[in-house]
Amino acid sequence: MELYPVFMWLHDLLESTGIGEPWSTIISYGFLAVTVFGTLSILALFLVWWERKIAGHIQQRFGPMRTGWHGWYQTIMDAVKLLQKEDIRIATRDKAVFFWAPVVCFVAAYLAYVVIPFGENLIVADLNVGILYIIAVTTFTVISLLMAGWGSNNKYALLGGMRSAAQVVSYEVPMAVSILTVIVFAGSLSMVDIANAQQGNIIFNWFIFKPPFGIIAFLTYITAATAEANRTPFDIPEAEQELVAGYNVEYSGMKFAMFFLAEFVNLFTVSAIAVTLFFGGWHGPLLPSWIWFLLKTFAVILLLMLFRWTFPRLRVDQLMEFAWKFLVPLTFANLILAGWFKYAGWHW
Amino acid sequence: MTHDELRAYVADKFGDKLTLLDTGRAEPMYEVKLSDLHDVAESLRKDETLQFDYLCNLGGTDTGERLEVHYQLASIYKNNRIDFKVMLTDDKPSVPTVQDIWPAANWYEREMWELYGINVEGHNNLTRFLLPDDWDQGHPMRKDWDAPDFIRLPEFKG
Amino acid sequence: MSALRTEEFTVNMGPHHPSTHGVCRLILTMDGEKVVKVEPVIGYLHRALEKICENRTYVQCIPILDRFEYVTAMSCNYVFALAVEKLAEIEVPERAEYIRVIMLELNRIASHLLFYGVTAMDIGALTPFLYGLRERELIIDLFEMTCGQRLTYNYIRIGGVARDLPPEFVPKCREAVKIITDKLVDYEGLLNENPIWKVRNQGIGYLSPEDAIAYGVSGPVLRASGVEYDIRKNDPYSIYDRFDFNIPTHQNGDCYDRYLQRLAEIKESLKIITQALDGLPEGEIQPKKKINAITYKPPAGEVYARVENSRGELGVYLISDGSTKPVRVKTRGGSYNQLQALPIMVNDCLIADLVAIFASLDVIMPEVDR
Amino acid sequence: MGVLKDFFNLLKGMTITGKHLGRRAVTIQYPEQKMQMFERSRGVVVLLSDKETGDLNCTMCMLCMRACPTAAIYIDAPRDENKKRVLKEFKVDHALCCYCGLCEEACNFSAIKLANKYEFSTWDIDDLVWDVNKLQDVGRDVPYVDTRKKKPAAKAAAKPAEKKADDKKSAADGAKPSAEENKQSEGDKPSEPKATDTAAADKTAPAKDEKAVDSSPDETPESDETRRSADDDTKKGDA
């Protein structure tokens, strides 16, 4: 039920050609990695374009229009441009930290895709602790932002880095707890199992339709996820009106592009998790499973984009207050009640 | 209070400290002696009937012959306006600050000090303001000020 | 146990910073995220307008003063024209006065719409900016149709206005008024009750009425502190005493009230425009004795004229010695005092609040630096 | 329930932005689509030419130069032996120009105008200084209302005799390429109004015009050293 058979098949094929053990494993893993990486990069580029288009139309503009039909390869050209740009490195930076920050950010963003089921059989590895793995791995992003803030040796960047550390750590809690609520419903940590638990009964087996805990868990999750992805109204780490560009103020060229792409990969990650946890994953009639998955994910992304282009930004202390004084108690109450209902066997 | 009432009241209250200037307009404009400036300003502010609590404008003028400092005051609650100015004939022009009466005067006085070279006694922060920090070319708003890159409009002969 | 001591550090906000509205530099002394002290440093846009005006004829000063406060250049035109008219006692034709009022109020709305957008953007909502500019464009188009320019109008002249209204102006203006009235519902729906907007603005940057007056703060900022003072009512100029409008005030003196204050003023301005359009008479637009751009000489004297524009009291102190060129043109803009009062509004607020406060003052740097 | 109220206020904002998602853009794609400029829009400064003869309307009275608040206009028109002005140079520096339109208002001969054209950016700031040829070329298709008083009528009366002489010349010029003709006409221009001036029927008209313009014919505007006296000024203001 996963991409692992593809890996095995490739591995066997390479074995039969007589390449020898370490190489056949490395090549087949490499093939998998490139597949995931390529898909996600294209998705991220698409999301950048799509966000610009959505923003444009919300604001009654056109958005990108110059490159191709409705500017469809605008972001590709942007990426090419960023690749060609000079990599400006300020002299007072912390060399190693400055260099590794975008790499860590990029890698952390992509690591989550090991366990995200894109479709019926489209998963790299169905870990039995899948969701736990995602929560663990996405937290790496915060380290990278802190590294960027520190390494830049810039006050604005440092403020941005500190803010993002505080923010991500705070929102990790309500996010994990709302995910736990779903795990209570599903009884499993595996992403595939969670998705399968929502199969059938048209859409009414989706966990979001488990009143009232499902909807509360979804709302708290989506709020925390917006904060995790550093998007408005929780985009205080970069807050361009306050901190110019926050942690990536000193980055340019490809390093900046890595931060930028990682941000959109994160956006896709949180939406994909939301779909898997609350909207039945890839399950749906008629259409192929991966199309259902993408459609649902884009719908969630659209919601997040609507957030971004509607709301003002919260202040850093209000953000903390909101997390600790509102979201954390709410999610815990929700979890406890859901667990109690489950234990008592009422309507599940 | 109409302008005429204001004139009468001020004449009554301040006597010859405030000399009415003939500007031909309804709003009264007074001249005040440099030595009386601070006292007059303070009593204009403190007076119960006048209550000039709002400093509209403050600035220097170079008429070509002498330097002047003009003060435009208004009263928010009594809804009056009054102008007065002080003529400076000294070589080293200097006025007392009115910052303690109207905090708003702070920047105006700084600007005046910088652009006209009128010293403000008692001002807490006479530092470069509108001009660059390393400015050393004098006081540009003075009429006799000139600099190599200062371009006047060409004069036309009639 | 001794208290935890943290070190304060200095952050240089600006001159090139996205939310300093031009090139204002704020030297912040910060304790972590907290702003302990703020010191505005200005002068980056100093163009010596006053000095330039001393070297121009009276009519030539008007396009120069267009650049003084370019967001409401109409009132800059007007205040200078008013000063010269007071000096020379020029009778302004009725129609010209009505046109002036329409233009001034349209310009006030345009400026407040810009404020709406820019403030929202400073607080992180990008979309209202585009909405605000969209309706502002209607007004700018009306200006361009009438006087040919979009920003620096040079329209209101000594003794009248430069050109008569084009025939299609009145219907288009009515249409614009209607559109803006409708769109105000959208604006308010987007931000007024938005909880994020409210927590970001309510109780932030409190300015007491006493401080406001003492620091010479004027206009919407003063009125948002609960002081009902509007030069249009208190020291009426032009024909404002003929129109029926209110001076809205708000009591809390925080950023949120300043925002509401400006939205309320848009509504009042719309009322004035409708009345002025209804009452617009036919007739001349220039005084009988035309003002020659090159040779006009007002009598010697001095005068201080002030008008209420969207940022407060806009004043010109004019000294004439009877020649073609003024001896002194001292300008006074609302932003100057508002920016001066910024440090007293900032008491231990966060850097994000500082941005909100700065935005709520609606400071235009060219007006400060001149 | 404050939380629920806040939640619905957030939703309200989202419905407003969501509604706009389906609306048409209000912006236009600039180089492909262009805005219809208003007739009064003040853009590039141009010199207008006579609709019939194609010559400049300019009489070199220097009023625009004096009205300009930024000294963007430079005219050099010394007098020839007949005390008539000959246009040597007419330059407008579009980089200095502040597009206030005072020159257009000062002009009594419909000679200079701020046309509603706006695409004149260049790579080099020096290219923004336009000489008389360029100013005239750009201004050729600019519509304008001819406000020259009396002159057209007087001209029409005085014209026929002259026209013939002119016609011959233009016929000869007709063969030449247009660029050269421009130059030619520029060279000829100063002589053209002169010719009408000398016509007997026109004798009174120019004098009246001069008064209206309040620039006396004896002005020699170029000498910067000599200031004009204040008295002189007042007289003119009163005139």
Side-chain angles (χ1 to χ4, degrees), chain C residues 52-53 55-57 59-64 66-67 125 127-128 130-131 133-135 137-138 141-155 157 162-163 166 168 185-199 289-297 322-324, chain D residues 2-3 5-17 19-21 23 25-27 35-43 62-71 97-107 113-116 118 213-215 228 230 232-239:
Chain C
I52 293 173
C53 283
N55 196 26
R56 299 288 185 278
T57 67
V59 176
Q60 285 176 349
C61 283
I62 293 178
I64 301 294
D66 268 340
R67 275 88 185 156
T127 305
L130 276 293
Y131 292 173
L133 285 197
R134 184 185 60 198
E135 267 69 68
E137 199 67 11
L138 293 171
D141 275 351
L142 286 174
F143 289 153
E144 193 182 2
M145 179 200 290
T146 313
C147 63
Q149 278 291 27
R150 300 173 69 78
L151 208 60
T152 51
Y153 310 112
N154 189 18
Y155 181 63
R157 299 289 175 79
R163 306 175 88 162
E168 68 271 28
V185 180
D186 267 6
Y187 297 163
E188 289 175 349
L190 262 179
L191 294 182
N192 271 19
E193 289 304 318
N194 187 319
I196 302 175
W197 181 257
K198 278 170 101 168
V199 295
K289 192 160 170 277
K290 288 258 183 331
I291 308 292
N292 188 300
I294 303 159
T295 55
Y296 176 68
K297 288 176 183 175
S323 74
T324 54
Chain D
V3 178
K5 212 179 126 215
D6 287 350
F7 182 69
F8 283 113
N9 278 322
L10 288 175
L11 278 188
K12 191 172 144 202
M14 278 166 67
T15 47
I16 290 171
T17 44
K19 256 192 293 181
H20 282 84
L21 195 54
R23 289 192 193 160
V26 292
T27 50
M35 251 173 99
Q36 180 67 43
M37 297 304 280
F38 294 103
E39 189 270 322
R40 290 185 181 180
S41 291
R42 301 204 297 259
M62 315 271 173
L63 278 182
C64 50
M65 185 175 167
R66 283 166 57 182
C68 182
T70 55
C97 181
C98 70
Y99 306 95
C100 60
L102 286 181
C103 50
E104 187 183 334
E105 283 164 36
C107 186
K113 189 177 195 298
L114 273 72
N116 58 359
Y118 52 93
V213 180
D214 92 36
S215 74
R228 75 170 163 171
D232 203 351
D233 219 343
T234 351
K235 245 183 265 162
K236 233 159 268 145
D238 294 341

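No experiment lies behind these values; they were computed from the predicted model shown. All values below were derived from every heavy atom in this structure, side-chain atoms included, with hydrogens, water molecules and symmetry-related copies excluded.
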Given a strict heavy-atom distance threshold of 4.5 Å, which part of D:Met37 is in contact with chain C: side chain, backbone, both, or neither?
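Answer is side chain: those atoms of D:Met37 sit under 4.5 Å from chain C.
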Do the side chains of [Y] and [X] get nearer than 4.5 Å, heavy atoms only?
X	Y	value
D:Cys98	C:Arg67	yes
D:Val26	C:Glu137	no
D:Leu102	C:Ile62	no
C:Tyr131	D:Thr17	yes

Heavy-atom pairs under 4.5 Å with chain C: which of D:Gly13, D:Gly43, D:Cys100 has the most?
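Highest number of pairs under 4.5 Å: D:Cys100.
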Quick one: pull up [atom1] in [X] and [atom2] in [Y] and give me the separation to the nearest 0.5 Å.
X	Y	atom1	atom2	result
D:Phe38	C:Glu168	CZ	CD	7.5 Å
D:Thr70	C:Ile64	OG1	CD1	7.0 Å
D:Arg40	C:Glu144	CZ	CD	11.5 Å
C:Glu193	D:Lys12	CD	NZ	6.5 Å
D:Thr27	C:Leu133	OG1	CG	12.0 Å
D:Thr15	C:Leu190	OG1	CG	8.5 Å

Could you check which of [options] has the highest count of heavy-atom pairs closer than 4.5 Å to chain D?
options	answer
C:Pro128, C:Cys147, C:Ala162, C:Gly322	C:Cys147
C:Trp197, C:Tyr153, C:Tyr296	C:Tyr153
C:Asn194, C:Ile196, C:Asp186	C:Asp186

Partner residues of C:Thr57 under the side-chain contact (heavy atoms from CB on, under 4.5 Å) criterion, sequence neighbours left out:
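So C:Thr57 forms a side-chain contact (heavy atoms from CB on, under 4.5 Å) with C:Gln60, C:Thr324.
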Of all the heavy-atom pairs spanning C:Asp141 and D:Met35, show the shortest one and how long it is.
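Between these two residues, the closest heavy atoms are OD1-CE, 4.2 Å.
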Hey, does the side chain of D:Arg42 reach the backbone of C:Gln149 with a donor-acceptor pair shorter than 3.5 angstrom?
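Not a single qualifying donor-acceptor pair exists.
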Around D:Tyr118, counting heavy atoms of other residues, nucleotides and ligands shown, do more than 12 lie under 6.0 Å from its OH?
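Yes, because the 6.0 Å sphere around OH of D:Tyr118 holds more than 12 heavy atoms from other groups.
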Under 4.5 Å from any heavy atom of chain D - which part of C:Ser323
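Neither the backbone nor the side chain of C:Ser323 comes within 4.5 Å of chain D.
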List for me each residue that meets salt bridge (Lys or Arg N to Asp or Glu O under 4.0 Å) alongside D:Glu104, sequence neighbours excluded, and say none if there are none.
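With sequence neighbours excluded, D:Glu104 shows a salt bridge (Lys or Arg N to Asp or Glu O under 4.0 Å) to no residue whatsoever.
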